[in-house]
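This structure is a prediction, so every number in the text was calculated from the model and none was measured. Remember, it's 1-based here, ligands and their atoms both numbered in the order they're listed.
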Amino acid sequence: MNFYVMTLFPEMVSEGLHTSIMGRAMDAGIIRLETVNIRDYTLDKHRHTDDYPYGGGAGMVMSPEPIKRCYDAIMEKRNSEKKPRVIYLTPWGKVFDQNMAKELAEEEDLIFLCGHYEGVDERVLNEIVTDPVSIGDYVLSGGELPAMVMIDAVSRMVPGVLSNEESGMTESFENSLLEYPQYTRPEVWMEQKVPEVLLSGNHQKIAEWREERSIDRTLQYRPELMDKAVLSKKGGKYYRLRQKEAVGQEKE
Ligand code: SAM
């Protein structure tokens, strides 16, 4: 899978992503990352990429022409006829989640446009962007960190990126549940003991325990996810029990 990132800070993205799982996947050629400096596509001698906003107001706006020229250069380099999805990172976009990560992982190429300053001239967005995406309801200084967040999450869904395919299937948000608690050695740490069932070697009991703890955690931190949760028969029974308990507590 090929990621192209249009940015004013290419090193931030390439250096930030070339580590750990992502670095390995790039070295193995499973994913390819190309950062493209928008400033290289300016036409004036001062290499300006921004200008004052029409209508007044604070801050600067990224100019359309260098971005369009940068996009055209990427399009020329690609060896696919298919029009790629172009993601503009922006606080007003659709909020990114695990389902979107999975959907985007099916693409051959993805192009990201990182904004800066007050944002980007609307006309170039109209020309090239297919998906405006936000990583959450807060405002960052630039689109680089959001692009890195998305590339990391999408890459994990690309076959071969995770060494153990299973781990992607048991993480938080799979089946709309948060992940159960994890433990490693030592068995006792600061007087806290690893739950007995995890030492039992009984895989069925371990799976049941993990599903129940996932339900508990989801109920505690993200109860709204429970509506879409896919539960086993036993898990469903446990969830109904928890719901009854909650109703009982409300009445008391
Ligand atoms: N004036 C813009 C607004 O109110 O929507 C905010 C601009 S922000 C300071 C600069 C750039 O950071 C944006 O163009 C966008 O690329 C990026 N950005 C900031 N917050 C983001 C978020 N939550 N998700 C995705 N991108 C974000």
Side-chain angles (χ1 to χ4, degrees), residues 1-19 22 31 33-42 46-75 84-105 107 109-158 172-173 221-222 224-225:
M1 176 166 197
N2 301 304
F3 296 104
Y4 298 90
V5 184
M6 298 192 273
T7 167
L8 293 173
F9 303 95
E11 292 80 24
M12 178 176 173
V13 178
S14 50
E15 282 168 22
L17 283 175
H18 212 112
T19 51
M22 294 294 302
I31 57 170
L33 170 71
E34 194 169 329
T35 52
V36 191
N37 194 338
I38 297 168
R39 205 175 291 284
D40 291 343
Y41 295 91
T42 50
H46 298 293
R47 304 179 80 210
H48 281 132
T49 55
D50 59 328
D51 213 329
Y52 293 98
Y54 274 118
M60 303 295 272
V61 174
M62 286 176 75
S63 310
E65 189 59 20
I67 293 173
K68 178 65 167 59
R69 283 164 48 79
C70 179
Y71 169 78
D72 289 343
I74 293 171
M75 292 299 277
R85 285 170 81 167
V86 181
I87 293 157
Y88 171 48
L89 288 317
T90 173
W92 53 260
K94 187 171 172 196
V95 178
F96 184 56
D97 63 11
Q98 191 68 16
N99 284 336
M100 201 193 291
K102 273 191 207 158
E103 187 203 316
L104 292 174
E107 299 290 321
D109 293 347
L110 283 179
I111 301 182
F112 292 85
L113 169 60
C114 304
H116 231 81
Y117 318 115
E118 282 313 306
V120 173
D121 187 295
E122 190 73 15
R123 294 164 297 180
V124 70
L125 302 181
N126 295 339
E127 285 299 317
I128 68 171
V129 171
T130 58
D131 301 76
V133 179
S134 162
I135 62 157
D137 291 346
Y138 41 80
V139 178
L140 298 160
S141 310
E144 285 73 17
L145 287 172
M148 288 159 71
V149 165
M150 284 188 69
I151 291 169
D152 188 312
V154 170
S155 298
R156 294 172 66 81
M157 296 292 113
V158 173
S172 292
F173 305 112
Y221 295 108
R222 299 289 303 277
E224 79 282 6
L225 293 177

Which option, V139, D137, V120, I135, owns the non-hydrogen atom nearest atom 6 (C) of ligand 1?
V139

So which heavy atom in the protein is nearest atom 5 (O) of ligand 1, and how far is it from that ligand atom?
P91 CG, 3.6 Å

In terms of atom number and element, which parts of ligand 1 are under 4.0 angstrom from non-hydrogen atoms of G143?
12 (O), 16 (O), 17 (C)

Heavy atoms, side chains only, cut-off 4.5 Å: are P146 and L140 in contact?
yes

What protein heavy atom is closest to atom 15 (C) of ligand 1, reported as residue, atom name and distance in Å?
L89 O, 3.0 Å

From M62, E118, H116, E144 - option closest to atom 2 (C) of ligand 1 by heavy atom
E118

In ligand 1, which numbered atoms sit nearer than 4.0 Å to a non-hydrogen atom of S134?
23 (N), 24 (N), 25 (C)

What atoms of ligand 1 come within less than 4.0 Å of a heavy atom belonging to G115?
11 (C), 14 (O), 16 (O)

Mind checking the CE-OG spacing from M150 to S155? Nearest 0.5 Å is all I need.
10.5 Å

Would you say the side chain of M22 lies within less than 4.5 Å of the side chain of I31, judging by non-hydrogen atoms?
yes

Any donor-acceptor N/O pair, T90 side chain to W92 backbone, under 3.5 Å:
yes

Atoms of ligand 1, numbered as shown, that sit under 4.0 Å from any heavy atom of P146:
25 (C), 26 (N), 27 (C)

Ligand-side contact atoms (ligand 1) for residue partner G119, heavy atom cut-off under 4.0 Å:
14 (O)

Those atoms of ligand 1 less than 4.0 Å from some heavy atom in Y117:
7 (C), 8 (S), 9 (C), 10 (C)

Rounded to the nearest 0.5 Å, what separation is found between the CD atom of E15 and the OG1 atom of T35?
9.5 Å

Under 4.5 Å between any side-chain heavy atoms of L225 and F173, yes or no?
yes

Straight-line distance of N37 CG to E11 CD, nearest 0.5 Å
7.5 Å

Should E103 and M157 count as side-chain neighbours, where that means a heavy-atom distance under 4.5 Å?
no

In terms of residue, atom name and distance, what is the protein heavy atom nearest to atom 23 (N) of ligand 1?
Y138 O, 2.8 Å

Counting C-beta onward and ignoring hydrogens, is there a side-chain heavy-atom pair between Y41 and M6 closer than 4.5 Å?
no

If you compare L145, L140, T90 by their heavy atoms, the one closest to atom 9 (C) of ligand 1 turns out to be L140

What protein heavy atom sits nearest atom 14 (O) of ligand 1, and how far off is it?
Y88 OH, 3.0 Å

Element-labelled atoms of ligand 1 that are located less than 4.0 Å from some non-hydrogen atom of V133
25 (C)

Enumerate the atoms of ligand 1 whose separation from the nearest heavy atom of G136 is less than 4.0 angstrom.
23 (N)

For L113, run the side-chain contact (heavy atoms from CB on, under 4.5 Å) check against I38, I87, T7 and tell me which one passes.
I38

